[in-house]
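To start, the structure itself, in structure tokens.
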Amino acid sequence: MTTEDFEREAAQLRPMLVQVAARMLGDARYAEDAAQDALAKLWDMHTELHLPMAALARAVVKNLCIDHIRRRRTTFTAQCPERGETAEPNMDEDPFTRVMRIADTLPAAQQVVLRLRHIEGMDTADIARLTGASEASVRKQLSRARMAIRERILKHDNDE
């Protein structure tokens, strides 16, 4: 692949790579970094690549995100809301945003499996392979995440 072909293809793929990374990581800053790292890895092998390279680019960015999630899991620290912010999400927003805002407060492992299952549409066997956990552990994390989200929604509905 020529330099011009790579630059053209990279410019077209960049928004998609950022979007995939943002869905997996839940943070726009890290998503930009992951997309940039993926493009840098692809650049290193651009002479061997052929068009289209969208599938390879998506796989590279997903693997980088999984690596980032694994590193983050071992150094995860709880974040307290700043003064004036509430830990409970705004319940006047649309249901998807409401659920995702609640999901952002879950433990990191639950967030990862929930996003991979429901946003990326992966099955539990694939999630287990990516995260290095057993399928039973993935199912348990999914169940706990769903129950936590359900409890928070029901709790808020009952408080009203």
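The first residue of the sequence shown is numbered 1, and numbering continues consecutively from there.
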Please examine the side chains of [Y] and [X], heavy atoms only from C-beta on, and report whether any two atoms are closer than 4.5 Å.
X	Y	result
Met45	Leu56	yes
Ile66	Thr131	no
Arg115	Arg23	no
Gln36	Lys41	no
Trp43	Thr3	yes
Gln141	Arg146	no

Looking at [atom1] of [X] and [atom2] of [Y], how far apart are the two atoms once the value is rounded to the nearest 0.5 Å?
X	Y	atom1	atom2	answer
Glu48	Leu42	CD	CG	11.5 Å
Cys65	Asp33	SG	CG	10.5 Å
Gln110	Met147	CD	CE	9.5 Å
Glu7	Gln12	CD	CD	12.5 Å
His68	Asn63	NE2	CG	14.5 Å
Glu135	Thr124	CD	OG1	4.5 Å

Hey, which of Thr105, Val99, Leu154 is the one that makes side-chain contact (heavy atoms from CB on, under 4.5 Å) with Ile149?
->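 Only match with Ile149 under side-chain contact (heavy atoms from CB on, under 4.5 Å): Val99.
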Joint hydrophobic cluster, Val18 plus Leu39, side-chain heavy atoms closer than 4.5 Å =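 No, no single cluster joins them.
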Met53 with Met16, same ILVMFWY side-chain cluster at under 4.5 Å |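 Same cluster: Met53 reaches Met16 through Ile, Leu, Val, Met, Phe, Trp or Tyr contacts under 4.5 Å.
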Looking only at heavy atoms, which two atoms of Leu17 and Ala57 are closest? And how far apart?
->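 Distance-wise, the nearest heavy atoms are CD2-O, 3.4 Å.
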Of all heavy-atom pairs between Leu64 and Ala34, which one has the smallest distance, and what is that distance?
->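 In terms of heavy atoms, the two residues are closest at CD1-O, 3.7 Å.
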Does Glu32 come within less than 4.0 Å of Arg14, counting only side-chain N to carboxylate O?
->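 Yes.
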Within the side chain of Gln111, is there an N or O that forms a donor-acceptor pair under 3.5 Å with the backbone of Asp104?
->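 Yes.
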